Amino acid sequence: MLWSLIKILAFVAAIIALTYGGTILMDLDGGLTVNTGIDEFTLEPIEVVFGLVAFVVAVWLGLKILAFLVAAFKFLNGDETAISRYFDRNRERKGYEALAEGMMALASGEGHLAMTKAARAEKYLQQPRLTNLLTAQAAELTGDRQKAEDTYKKLLEDSQTRFVGVRGIMKQKLASGDTDTALKLAEKAFALKPKHEETQDVLLRLQAEKSDWVGARKTLNTKLKTGTLPRDVYKRRDAVLALSEARDIIDDGKTIEAREAAIEANRLSPDLIPAAVMAARSYMADGNARYATRVLTKAWNAHPHPDLAAAFAEIVADETPQARLKRFHALVKAIPDHPETKMLLAELHIAAEEFPEAKRALGDLVEKDPTARALTLMAAIERGSGADDSVVRGWLTRALTAPRGPQWVCDNCHTVHATWAPTCSNCHAFDTLSWKRPPESEVAMPAGTEMLPLIVGRDKETNLPATTEVVEAEVMNGDGNQKPTEG
Ligand SMILES: [Zn+2]
């Protein structure tokens, strides 16, 4: 803003100065007397100035003509390319001008103009390496995919531009959703330039999406070696890949290899819950209860999770509820105040039919952090303690509208997943699932559920509302993966 103002002011000042100078020259007396020997004449001062300008132009033209004459002379003396070189210099200048204008047009979003300039630059420069790139980008900008792809294919022919060509076509395939071809191109681009971070990331994402765990681990390793990934992130992601590999091997029925892979995944990242569960089950299959306990306890201390408790229960499948309670103390003793610990102990006491102890274990969780699970546990405790049906139903009704508590949520798109997976089912991002509370909007209940306490209150002597019955049935049976109380 200020700069343009200064430019305008400078321009006006220059015009004023020129006009003023001209007026002074016109008014000036005298002049330049030229004596040619034969004749003598006097020039007005303004004529002198014009004369000087004309002289400069004449000298410039003379030099141009001289350069051409020199080129012509050299040509006559046998230098065959001298004249073409003289004209080439002009062509080159025009070509680079067109190229620069084309890049400018590209930067300002004028795709069609950029294409025209690219064609002009190509005509003068004959340098497809430079101009094809401009053409491809301009075609992409105008949405002419076919043209862009054709131009990128031309870039494949030159070894110096091959990577740019492969990357260009790969991006086109990714945009059109052809991930199979995109994966092949990403592999090719990776082979050409292993240090290119964007290529590494695209390749890794596609490999994980296609369950090519071995390939993905190699790419991840290159990322570590080329310094595009910190070591701690590498270890965690490598563990996720090792775990995914283990799951696939189990599906193939090769249990021993799967066990080794699961134990390796657990070693790489001890707090990765599904890896700890799988490694613990591998140790159990080997009859190594001590290692299974250790692996699960370590993971529990980092991230308490119902799956870990379920696996911990499996270590000794046929024990009395009292014995189980005693054994579980080893698991939970490090973090006694965690909500997961409180709910787990409450469940174990309910299974042992020790309802006052269960209530004590649950503590103030139903006031301070009333999740659906804590409230349904409270309902079970009340029922076991012989409380009135209306009290039990009151807790269950509250459970219906309470938040679900932590779940596997994608850090990237906040999609809630029922079970852990290496890639998000919604946004396909790799290793983004973490065990946490989903954003509030995700668990909001329809407004109609607020009516339930009224319905429950009115019908307490007759039949239960169907919804309450379902929840109650779930509490009594235990649900999903949260059943450490079952043998
Ligand atoms: Zn996601």
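Owing to the predicted nature of the structure, the values given are computational and were not obtained by experimental measurement. Whatever order the structure lists them in is the order used to number ligands and atoms, beginning at 1.
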Legend entry - Residue among D201, D431, D232 satisfying salt bridge (charged side-chain N to carboxylate O under 4.0 Å, His left out) with R237: D431

Legend entry - Worked verdict on K154 versus E122 for salt bridge (Lys or Arg N to Asp or Glu O under 4.0 Å): CA-CA 14 Å; K154 283 185 201 157; E122 173 58 23; over 6 Å; no

Inset, instruction - Mind jotting down which residue pairs meet the salt bridge (Lys or Arg N to Asp or Glu O under 4.0 Å) criterion with at least one end in residues 273-297? Sequence neighbours excluded, please. - result: R259-D286, R281-E314

Inset, instruction - Indicate yes or no: does R217 engage E264 in a salt bridge with an N to O separation below 4.0 Å. - result: yes

Legend entry - Aromatic ring proximity, centroids under 6.0 angstrom, H338 and W300: no

Inset, instruction - State the count of protein N/O/S atoms located less than 2.8 Å away from the Zn ion (ligand 1). - result: 4

Legend entry - Neighbour count >12 (heavy atoms, 6.0 Å) for atom NZ, K195: no

